[in-house]
Amino acid sequence: MRVALFITCVNDAVHPGTGRAVVALLERLGVEVDFPAGQTCCGQPQFNTGYRRETEPLVRRMGRAFAGYDYVVTPSGSCAAMVRDNYPRIGAKAAAEGRGGELGDVAASLVPRVYELTEFLVDVLGVVDVGAYFPHTVTYHPSCHGLRMLGLGDRPRRLLEAVKGLELRELPGAEECCGFGGTFAVKNPDVSAAMGADKVRHAVATGAEVLCGADNSCLLHIDGTLRRQGAAMRAVHLAEILASTETETLV
């Protein structure tokens, strides 16, 4: 099994510890992980703001960077959804415009191999108990892309429930967006901040020490709100919890 880590821009620039946690976790489970150095952005920011043609070179680059791997694993539901949902659209649109089938071929090759981390753990490796230890109270926020586009369902919760020492607390209004939405937060800052405040209010009300999520873009937004409010709660990526053991804590 050849597995590549697709780290994503946010994790590479702001949360490199999440990438290290993914590698530690997968290697503990017997998976050999490569990091293709040619990877860059998947093109989601460009595509979501209407720059479809500018996204196309990034689609090609993703195809080259991850060629030959059995699986491409990413700790980001939004970036996984970009590849799986939008790459085929980009390819189909280019073909309809008479520009050939290259982008469609890239999409057809990548889409079946790209997995969000919790999907890979549960569906491919067939594990729920990954041997993690995290003696803290935790509440889980399901990000929109993972919830609605990937259909992650209860996979993240099942993984958290199997962590030794962890107490999982229900998050009121869990399925409501946190307000980040990538460029949405830039274009509509007041609405974004209000949605973030609602999410934080519900999270803090649980009394949990940690708010967990599977997308650091959302966690970046939520954590900023927590810090501005002076809340004691921490925002932590799911991978960092799952990678923690009784002898090594990565959080």
Side-chain angles (χ1 to χ4, degrees), residues 1-13 18-19 22 26 31 33-125 142-153 155-156 177 180-187 214-218 239:
M1 180 189 295
R2 296 190 71 220
V3 175
L5 170 63
F6 170 36
I7 186 62
T8 81
C9 299
V10 169
N11 289 322
D12 184 49
T18 297
V22 173
L26 293 180
V31 177
V33 184
D34 288 343
F35 181 80
Q39 63 180 286
T40 56
C41 179
C42 66
Q44 183 179 180
Q46 295 86 344
F47 186 79
N48 286 351
T49 46
Y51 294 96
R52 176 173 56 86
R53 288 287 190 97
E54 287 77 7
T55 306
E56 293 179 1
L58 296 170
V59 175
R60 295 187 186 95
R61 189 178 184 97
M62 285 281 290
R64 292 193 301 270
F66 294 106
Y69 289 97
D70 299 315
Y71 299 98
V72 179
V73 179
T74 180
S76 169
S78 66
C79 293
M82 171 64 191
V83 174
R84 297 210 326 231
D85 194 65
N86 290 321
Y87 277 21
R89 300 173 192 269
I90 293 169
K93 188 69 172 178
E97 293 171 350
R99 294 188 290 113
E102 178 195 3
L103 292 169
D105 292 342
V106 171
S109 173
L110 267 178
V111 167
R113 297 183 288 122
V114 171
Y115 283 79
E116 186 271 340
L117 176 64
T118 65
E119 290 180 308
F120 183 74
L121 293 171
V122 175
D123 298 349
V124 178
L125 297 185
S143 62
C144 294
H145 285 91
L147 180 69
R148 296 173 175 85
M149 295 180 75
L150 295 181
L152 295 183
R155 293 176 183 87
C177 178
F180 179 66
T183 54
F184 173 84
V186 178
K187 294 181 176 180
D215 267 288
N216 269 330
S217 52
C218 297

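For this chain, numbers begin at 1 and follow the sequence in order.
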Shortest non-hydrogen contact between [X] and [Y], atoms and distance:
X	Y	value
P45	C41	CD-SG, 3.7 Å
Y115	R84	CA-NH1, 4.1 Å
A94	L103	CB-CD1, 3.8 Å
V22	P75	CG2-CB, 3.8 Å

Whether [X] side chain and [Y] backbone form a donor-acceptor pair below 3.5 Å:
X	Y	value
Q39	I7	yes
T74	A80	no
R61	G38	yes
Q44	A81	no

Please examine the side chains of [Y] and [X], heavy atoms only from C-beta on, and report whether any two atoms are closer than 4.5 Å.
X	Y	result
F120	L26	yes
T49	K187	yes
C42	Y87	yes
D123	R155	yes
V124	Y71	yes
H145	E116	no
V106	M62	no
R113	D70	no

Side chain to side chain contact (heavy atoms under 4.5 Å, CB included) between T8 and F6, intermediate numbers included: CA-CA 6 Å; T8 81; F6 170 36; 4.1 Å; yes
Interatomic distance, [X] atom [atom1] to [Y] atom [atom2] [nearest 0.5 angstrom]:
X	Y	atom1	atom2	result
N11	C79	CG	SG	8.0 Å
K93	N86	NZ	CG	13.5 Å
M82	T55	CE	OG1	5.5 Å
C144	D215	SG	CG	9.5 Å
I90	D85	CD1	CG	10.0 Å

Candidates V83, L110, D34 - the one meeting side-chain contact (heavy atoms from CB on, under 4.5 Å) with F66: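 For F66, the side-chain contact (heavy atoms from CB on, under 4.5 Å) test succeeds with only one of V83, L110, D34, which is L110.
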Atom OH of Y51: over 12 foreign heavy atoms under 6.0 Å: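 Counting neighbours around OH of Y51, 12 or fewer heavy atoms of other residues, nucleotides or ligands fall under 6.0 Å, so no.
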